[in-house]
Amino acid sequence: MRIVLDRRPEGVAMVDESGSATLVGEAELAAAVAEREAEHPRWVWTDTAQWYPSLLAAGVRVERCHDLKLLDALLALRAGRSPRRDWGAPRAVARGDALFELDDDAPASHLPNPGEVLAAQLREIAAQPNPRDVTVLAAAESAGALAAAEMQHCGLPWSVEAHDQLLTEALGPRPAPGARPERLQRLAEQVEQALGIGRVPIDSAAELVKALRRAGLDVSSTRSWELEQIDHPAIAPLLEYRSLYRLLTANGWNWLDEWVHDSRFRPVYVPGGVVTGRWATDGGGALQLPKQVRSAVVADDGWMLVVADAAQLEPRILAALAGDDAMARAGAGVDLYSGIVASGAVASRDQAKVGMLGAMYGGTTGESARVLPKLARAFPRAISYVEAAARAGERGETVSTRLGRTSPVPPASWRERQAAASAEGASESDARAARTDARSWGRFTRNFVVQGTAAEWALTWIAGVRQRLWRPERGSLPSQPHLVMFVHDELIVHCPEDDVADVTRALQEAAAEAARVVFGSTPVTFPVTVAAVRRYSEAK
DNA sequence: ATGCCAAGCGCC
DNA sequence: AGGGCGCTTGGCAT
């Protein structure tokens, strides 16, 4: 049963499939949704981020939804049209402790009629060559959007005290605004002393290159990998300065002030924010949380963090996509890369890893390129699968994930350069530029099929986990085991100590289920490593 | 004041 | 000549 929520001038209409509509005032919406939730409907709404946070704030958790905006983006990509942008309604966005209303002024009467949009989407899905897959993807994406709102609502448990302590240990006490922490100041002085050319503009990359060259160091940039090659007493303190400076600016006291309140970090997740189907974040940087600060993620008293990681997710996804039985056998244990070594394809785990990553990213140089032929001999199906995706991209064609997310068509400028290069009398430099472009787009489509299908697996995993965890009789979401963090192939559940075993089982069962849902029958396994810890940093 | 870009580096 | 991101800073343009 689907129930469409439609915001109208006179209130919110709840329209079920029989066409019967109930009108409720905004103030009664949460109670009305809670009442109908007992029927396990799939709520249809324009945009989960518009509707769900206020329901959660009112203590209402819903099981299923259909997010029209996410589905429109997906279907538009498949059909080669632009997604519609008139979803309009104000979206309350929590950033830090403030609530920002992003109101784009669209009058309610001009908003799309969600019932009509749904009907059109269902017709469009039914007309696809793979309607079942697209339906699964629709459900998984929508479940992910629910989970994202729930994670923001519950927040990641964060110890301000532990964070402040680690900052103080690394940098020195919090300085006055605008001042340099003691440790940074000392390192900057060490760099100046070692260079012996007076003041060094250490915070400006462009100026720093000039200064280093004046001091006789042959550098073209100040990237850490380039500096590491140089034997000079200024390098070590400079690299350390860089690392600590980054800690200060990206995840220092200012970040703490802005993003952590009431012992919770509440990032804004953006489901579907990446073309491949991965999530993005809007502020807070939750998907790039440096290992340096993970010791500040601390479970509440009496609670634990259950950290689950899908082991070598992407190569396993590739093996399943390609139906590569040999790679499936190599991945039968928990460590696929060791399995590849055991198969005799390559000599070391590092070679296996670098080689597989290169195959999926399109690496063409160094160790990765040297290992690739060996992998291609041992696992021809997997390697030719990504090669085919790359060739398609080089020709300007689109590729598709397992459940049917399609890659975008290359931009007009790309197609123009290809056309120019193949035209009569094209110059050698035009041809070279076009080849470079084509290779680059091929690397994108090569990776798209793997990264995008991995995102589908992960969304399905999330959907299964949140479904298994939920116990309505145990009260509100934050008071029972709940998801608090998702990073592409990793999930964290915050739960009472006594629930660790159940949560662990839920994470593993849902992983196995995700493989069946996404791939049907596949010999490829998707092991999940699980660690129950007090602090995130203890997980690995 | 505001916007945009590049550099650099964090994550997967 | 390695895929996808976000974030901060400095520096230039408007």
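Please read all numbers here as calculations on a predicted model, not as lab measurements. Below, chains carry the letters A, B, ... as their sequence lines are ordered, and counting in each starts from 1.
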* Do NZ/NE/NH1/NH2 and the carboxylate oxygens of A:R278 and A:E314 come within less than 4.0 Å? ->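 Judged by the 4.0 Å cut-off on N to carboxylate O distance, A:R278 and A:E314 do form a salt bridge.
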
* **Rounded distance in Å - CG (A:N251) to P (B:dG8)** =>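 Distance, rounded to whole Å: 20 Å.
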
* Side-chain N or O of A:T276 closer than 4.0 Å to phosphate OP1/OP2 of C:dC5 ->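 For C:dC5, OP1/OP2 do not have a side-chain N/O of A:T276 under 4.0 Å.
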
* Can you check the A:H488 NE2 to C:dG4 C1' distance for me, whole Å? ->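 So the NE2-C1' distance, A:H488 to C:dG4, works out to 8 Å.
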
* Between A:R242 and B:dC9, does any side-chain N or O lie under 4.0 Å from OP1 or OP2? ->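 For B:dC9, OP1/OP2 do have a side-chain N/O of A:R242 under 4.0 Å.
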
* Asked: Can we say A:E428 and A:R435 salt-bridge, meaning some charged N sits less than 4.0 Å from an Asp/Glu carboxylate O?
  ->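 A salt bridge links A:E428 with A:R435.
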
* **For DNA chain C, the residues among residues 438-465 of chain A that have a non-hydrogen atom under 4.0 Å from it** =>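 Heavy-atom cutoff 4.0 Å gives A:R443, A:F444, A:N447, A:Q451.
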
* To do: Check step by step if salt bridge (charged side-chain N to carboxylate O under 4.0 Å, His left out) holds for A:R180 and A:D203.
  => CA-CA 11 Å; A:R180 225 180 224 160; A:D203 290 333; 3.7 Å; yes

* Can we say A:E456 and A:R402 salt-bridge, meaning some charged N sits less than 4.0 Å from an Asp/Glu carboxylate O? ->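 No, this pair does not count.
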
* Do the rings of A:W461 and A:W457 sit parallel, tilted or perpendicular, given the 30° and 60° boundaries? ->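 Rings of A:W461 and A:W457: tilted, 30 to 60°.
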
Report each atom pair, protein N/O against N/O of nucleotides 11-14 of chain C, whose distance is under 3.5 angstrom.
residue : atom : partner : partner atom : Å
C:dG11  : OP1  : A:S204  : OG           : 2.7

* In whole angstroms, how far is the C1' atom of B:dG10 from the CZ atom of A:R223? ->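 My rounded result for the distance is 15 Å.
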
* Select base, sugar-phosphate, or nothing to describe what A:S368 touches, counting heavy atoms under 4.0 Å on all strands. =>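 No contact at all - A:S368 keeps every heavy atom at 4.0 Å or more from the nucleic acid.
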
* Asked: Centres of the A:F265 and A:W255 rings: under 6.0 Å?
  ->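 Between A:W255 and A:F265, which both carry aromatic rings, the centre distance is below 6.0 Å.
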
* Asked: OP1 or OP2 of B:dA7 less than 4.0 angstrom from a side-chain nitrogen or oxygen of A:S221, does that happen here?
  ->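 No, because none of the side-chain N or O atoms of A:S221 sits under 4.0 Å from OP1 or OP2 of B:dA7.
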
* For B:dC12, does either OP1 or OP2 sit under 4.0 Å from a side-chain N or O belonging to A:K291? ->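 Looking at the OP1 and OP2 atoms of B:dC12, one of them is under 4.0 Å from a side-chain N or O of A:K291.
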
* Once you round it to whole Å, what is the distance between P of C:dG4 and CZ of A:R278? ->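 For the pair A:R278 CZ and C:dG4 P, the rounded distance is 10 Å.
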
* Kindly state whether the pair A:Y361 / C:dG2 counts as stacked, where counting means centroids closer than 5.5 Å and planes tilted less than 30° apart. =>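 No, aromatic ring not over the base.
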
* **Rounded distance (Å) that lies between atom P of B:dG8 and atom CD of A:E228** =>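 The distance from CD of A:E228 to P of B:dG8 comes to 13 Å, rounded to the nearest Å.
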
* Determine whether A:R294 and A:R535 make a side-chain contact, defined as any pair of heavy atoms from C-beta on separated by less than 4.5 Å. =>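 A side-chain contact under 4.5 Å is absent here.
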
* Figure out the CZ/P separation between A:R370 and C:dG2, and round it to whole Å. =>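 Nearest whole value for this atom pair: 13 Å.
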
* Contacts of type salt bridge (charged side-chain N to carboxylate O under 4.0 Å, His left out), residue A:R439, not counting sequence neighbours ->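 With neighbours one apart ignored, the set is A:E394.
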
* Tell me, with the steps shown, if A:D437 and A:Q418 meet side-chain contact (heavy atoms from CB on, under 4.5 Å). => CA-CA 8 Å; A:D437 269 14; A:Q418 297 301 312; 3.7 Å; yes

